[in-house]
A.B. asks: 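I'd like to ask you about the structure that follows.
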Amino acid sequence: MAVAAGTRQPSYRDRIAGSLDLAAHAVRELLRGVADGRETAEALRTAGRDLRFSRTPAGGRPTGAGARDRALAQAGYATRRCLDLLAVLAPLLRPPVDLPSATLLRGLAAACADTAGALRGTRPRPDPAGIEEMTAQYAATRGVPSDLRGDPHPLLSRQSTLLAVAVSTVTVSAAVALATGRRGPLPGLPREQFWYAGASTARLWWVRIADHVTPRSVVFQNAVRTACGLALARLVAGSLDLSHGFWVLLGMLTLGRTTAGATWSAVRGAAMGTLVGSLAAGALLASAGDATEVYAALLVPTMLVAFWAGPVGGPAWGQGLFTLVVSMAFAQIAPVTWQLAEARIVDVLTGSVIGLVCGVLAWPAGARAEMRRSAAALFRTTAPLVRVTVERTAAGHAAPTSRADAAPTLRRALLRWRIAHASYAQLRTEPPPRRPADGGSDWLAALNFGSRVLTGTYWVPWSPGTPWPPDAAAWARAAADEVVSAALRAADFPAGGVTVRPAPLPKGILGRIPAPSVSHLVDVEVWLHALASDLEQAVGPGDEGRDGHR
């Protein structure tokens with residue numbers, strides 16, 4: 001997916017399409033036995049990392065409140081999950097592959113290629129019903145062949161991973177269908193997963209605003225901090241009757257940052273730049289006097305340099321060159337003296353101090369503290385869903401059509417996931433501290449934990465089965481309790497991290513339970529172990545490179 005120098009950067013839609021093409025090609029090559037599993041896994045993981053918003057230009061990220069942007073963002077998340085799962089599966093696939101798995105893999109490869117074509121506009125809009133039907137058929141027909149010798153657990157684990165790949169592909173297809181113009185809800189898919197389908201743009205904007213009307217939202221915090229800073233700047237400029245007082249408001253607005261440390265760094269550079277720029281402007285005004293022709297001749301080239309070097313060089317260059325620009329602009333409007341530069345210094349420094357005070361008094365840690373709180377809330381609200389999902393599967397129930405037992409928790413978990421994702425998006429825009437106070441928590445793994453729980457709530461009870469025998473149900477409940485208690489411990493972010501070790505399946509249990517439930521039991525095992533891995537990565541100690549700034 002590398003782009004040659006001088007060519008147009010691919011859009012996020014193109015990135016997803018390229019990743020889906022890679023997935024289709026990898027599956028076909030693995031089925032033919034001509035691809036190296038480890039090399040293929042690394043290529044898939046690399047493609048998944050390239051779908052991160054942090055690697056996409058800010059203007060190309062699908063972050064809007066409308067249904068298409070939401071669908072495209074969800075397609076990106078699901079594609080990354082699909083690629084990561086395929087990377088786990090790739091080293092395990094060795095021809096000959098069992099017939100149900102080979103059939104599903106061919107269908108998934110074709111679906112990925114068709115979905116990629118739909119994103120590029122070369123193929124019709126995808127219909128997730130076909131992939132969902134293939135997935136349901138595979139869930140019903142997979143299992144241990146009668147002629148298999150040895151331990152069936154590796155085969156069942158591989159099939160469970162493949163089923164998770166298929167579920168992610170269903171999500172990708174449905175999201176792309178919405179992103180390419182499909183209207184209304186998607187029949188057969190969980191309503192909560194695509195809650196925005198069919199909603200009006202006005203309602204989606206209202207949902208986005210309402211989600212952030214809480215002191216725990218970094219968007220809300222930034223808005224309050226900026227509003228208070230501007231109000232205080234206006235009060236100070238009016239009370240002191242400062243000349244050109246609007247520079248106070250402009251200085252506060254342009255130099256305020258989301259953390260106190262970042263604000264102080266910007267203010268130091270801006271103060272130095274303003275001082276140097278004011279000295280240069282004062283010298284120019286004193287020497288040129290009322291010669292407006294001089295200012296007119298210098299204004300345009302100075303503006304070009306200022307608007308080019310300012311964003312690149314930082315606040316010092318930006319404020320210094322902007323001081324020159326405004327001084328030459330004012331000199332052409334009315335007679336001015338070198339005291340204009342003096343007023344500029346006073347106003348910018350006043351605005352900078354106000355911005356610094358607001359940064360110190362109001363949420364000085366920026367998104368980092370809120371990311372910690374958001375992740376903790378996400379762990380606490382999603383943990384009960386793990387137990388509900390395991391209980392339903394052990395009782396032989398499919399995913400419920402009416403989620404009366406889990407609907408309130410689902411709604412809270414979805415809200416917490418959206419707030420945590422907003423905190424993470426803000427965190428990626430902030431420079432990492434030199435000495436992290438959170439032990440190097442992996443926030444991306446925390447978000448993945450929440451996403452995996454929500455997805456599992458919909459899909460782990462693949463189809464109706466028979467109730468498990470007491471020893472299997474007891475194991476499932478004990479393993480779920482271990483993950484739930486670990487998630488609650490992780491919400492406190494202990495200094496030593498958390499260790500999650502769900503008990504292994506009881507010996508010989510796969511031969512003692514009814515055939516339809518054997519695969520369901522391994523599905524739960526694979527899901528719980530994946531959740532345990534997410535928790536250990538999210539809270540475990542490590543260096544700062546793990547927290548999402550990588």
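Position 1 is the first residue of the sequence, and the numbers go up from there.
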A.B. asks: Mark yes or no for whether E132, through its side chain, and V170, through its backbone, hold a donor-acceptor pair below 3.5 Å.
C.D. replies: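 Flag not set: sc E132 to bb V170 has no pair under 3.5 Å.
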
A.B. asks: Just by modelled atom types, is the G450 backbone N or O under 3.5 Å from a matching donor or acceptor in the R416 side chain?
C.D. replies: no

A.B. asks: Run the numbers on R52 and R80 for side chain to side chain contact (heavy atoms under 4.5 Å, CB included), then give the verdict.
C.D. replies: CA-CA 8 Å; R52 292 180 180 177; R80 286 181 55 192; 3.8 Å; yes

A.B. asks: Would you please say whether a donor-acceptor pair under 3.5 Å links the side chains of S533 and Q537?
C.D. replies: yes

A.B. asks: Are any of the side-chain heavy atoms of T40 and E29 separated by less than 4.5 Å?
C.D. replies: no

A.B. asks: For the CZ atom of R158 and the CZ atom of R142, what is their distance to the nearest 0.5 Å?
C.D. replies: 13.0 Å

A.B. asks: Do T46 and R49 have a side chain donor and acceptor closer than 3.5 Å?
C.D. replies: yes

A.B. asks: Take atom NE2 in H212; do more than 12 heavy atoms of anything else shown fall under 6.0 Å from it?
C.D. replies: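 Enclosed.
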
A.B. asks: What is the distance from atom CE of M134 to atom CG of L105, rounded to the nearest 0.5 Å?
C.D. replies: 10.0 Å

A.B. asks: Who pairs with S200 by side-chain contact (heavy atoms from CB on, under 4.5 Å), at least two apart in sequence or on another chain?
C.D. replies: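 Partners of S200 under the side-chain contact (heavy atoms from CB on, under 4.5 Å) test: A202, R203.
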
A.B. asks: What's the spacing between I16 CD1 and C112 SG if we round to 0.5 Å?
C.D. replies: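 I16 CD1 to C112 SG: 12.0 Å, rounded to 0.5 Å.
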
A.B. asks: Any Lys/Arg nitrogen of R120 or D14 sitting under 4.0 Å from an Asp/Glu carboxylate oxygen of the other?
C.D. replies: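 Not counted as a salt bridge, because no side-chain N and carboxylate O are separated by less than 4.0 Å.
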
A.B. asks: Mind checking the CG-CG spacing from L86 to L162? Nearest 0.5 Å is all I need.
C.D. replies: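 The CG atom of L86 sits 8.5 Å away from the CG atom of L162.
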
A.B. asks: For the residue pair A487 and A383, what are the closest heavy atoms and their distance?
C.D. replies: CB-CB, 4.0 Å

A.B. asks: If only side-chain N and O atoms count, and only distance matters, is there a donor-acceptor pair under 3.5 Å linking S451 with N448?
C.D. replies: no

A.B. asks: For L108 and V27, run side chain to side chain contact (heavy atoms under 4.5 Å, CB included): C-alpha distance rounded to whole Å, both residues' side-chain angles, the deciding distance at 0.1 Å, then the answer.
C.D. replies: CA-CA 8 Å; L108 294 180; V27 168; 5.8 Å; no

A.B. asks: Just wondering, more than 12 heavy atoms not from R13 lying within 6.0 Å of its CZ?
C.D. replies: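 Correct, the count exceeds 12.
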
A.B. asks: Do the side chains of Y196 and V207 get nearer than 4.5 Å, heavy atoms only?
C.D. replies: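 A side-chain contact is absent here, since even the closest heavy-atom pair is not under 4.5 Å.
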
A.B. asks: Restricting to non-hydrogen atoms, name the atom on T409 and the atom on P384 that form the minimum distance, rounded to 0.1 Å.
C.D. replies: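 The answer is CG2-CB, 4.4 Å.
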
A.B. asks: Could you grab the distance from atom CG of L415 to atom CG of L410, nearest 0.5 Å is fine?
C.D. replies: 12.5 Å

A.B. asks: Return each pair, listed once, that meets ring-ring contact (aromatic ring centres under 6.0 Å, His included) where at least one residue sits in residues 66-102; pairs must be two or more places apart or across chains.
C.D. replies: Y77-W417, Y77-H421

A.B. asks: With heavy-atom distances below 4.5 Å as the criterion, would you say the side chains of S101 and Q159 are in contact?
C.D. replies: yes

A.B. asks: Return the minimal non-hydrogen interatomic distance between V88 and R45, and the atom names on each side.
C.D. replies: N-NH2, 4.3 Å

A.B. asks: Do R452 and W527 have side chains that get closer than 4.5 Å, going by heavy atoms?
C.D. replies: yes

A.B. asks: Could you please spell out the steps behind the side chain to side chain contact (heavy atoms under 4.5 Å, CB included) verdict for Y138 and T103?
C.D. replies: CA-CA 9 Å; Y138 178 72; T103 303; over 6 Å; no

A.B. asks: Do the non-hydrogen side-chain atoms of R182 and D127 ever get within less than 4.5 Å of each other?
C.D. replies: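 R182 vs D127: side chains touch.
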
A.B. asks: Compare every heavy atom of W468 with every heavy atom of V524, then report the nearest pair and how far apart it is.
C.D. replies: CG2-CH2, 3.8 Å

A.B. asks: Looking at L505 and E525, what are the two nearest heavy atoms and their distance?
C.D. replies: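 Closest approach of L505 to E525, heavy atoms only: CD1-OE1, 3.5 Å.
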
A.B. asks: Taking the side chain as C-beta and beyond, is there a heavy-atom pair between L93 and L31 under 4.5 Å?
C.D. replies: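 SC-SC contact between L93 and L31 ruled out.
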
A.B. asks: Between S160 and V522, is there a side-chain heavy-atom distance shorter than 4.5 Å?
C.D. replies: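 Sidechains of S160 and V522: in contact.
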
A.B. asks: Measuring only between side-chain heavy atoms, which start at C-beta, is L20 closer than 4.5 Å to V172?
C.D. replies: yes

A.B. asks: So, does W443 use its side chain to make a donor-acceptor pair with the main chain of Y424 at under 3.5 Å?
C.D. replies: no

A.B. asks: Ignoring hydrogens and geometry, is there a side-chain-to-backbone donor-acceptor pair from H25 to D21 under 3.5 Å?
C.D. replies: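 No; judged by distance alone, with no hydrogens or angles, the pair does not exist.
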
A.B. asks: Drop me the distance from R38's CZ to E42's CD, to the nearest 0.5 angstrom.
C.D. replies: 11.5 Å

A.B. asks: Any chance CD of E482 has more than 12 other-residue heavy atoms, nucleotides or ligands included, within less than 6.0 Å?
C.D. replies: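 Yes.
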
A.B. asks: What verdict does the side chain to side chain contact (heavy atoms under 4.5 Å, CB included) test give for D523 and T393, after you've listed the backbone C-alpha separation in whole Å, the side-chain angles of each residue and the deciding distance to 0.1 Å?
C.D. replies: CA-CA 10 Å; D523 289 342; T393 311; over 6 Å; no

A.B. asks: Could you point out which residue of L119, T180, T63, L178 forms a side chain to side chain contact (heavy atoms under 4.5 Å, CB included) with L72?
C.D. replies: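 For L72, the side chain to side chain contact (heavy atoms under 4.5 Å, CB included) test succeeds with only one of L119, T180, T63, L178, which is L119.
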
A.B. asks: Any side-chain to backbone donor/acceptor pair from T122 onto G117? Under 3.5 Å, distance only.
C.D. replies: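 Confirmed, T122 side chain pairs with G117 backbone.
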
A.B. asks: If I compare all heavy atoms of G76 with all of Y12, which pair ends up nearest, and what's the gap?
C.D. replies: CA-OH, 3.5 Å

A.B. asks: Is D492 paired with R380 through a side-chain N to carboxylate O contact shorter than 4.0 Å?
C.D. replies: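 Answer for the salt bridge query: yes.
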
A.B. asks: Are any side-chain N or O atoms of T169 and backbone N or O atoms of V165, one a donor and one an acceptor, separated by less than 3.5 Å?
C.D. replies: yes

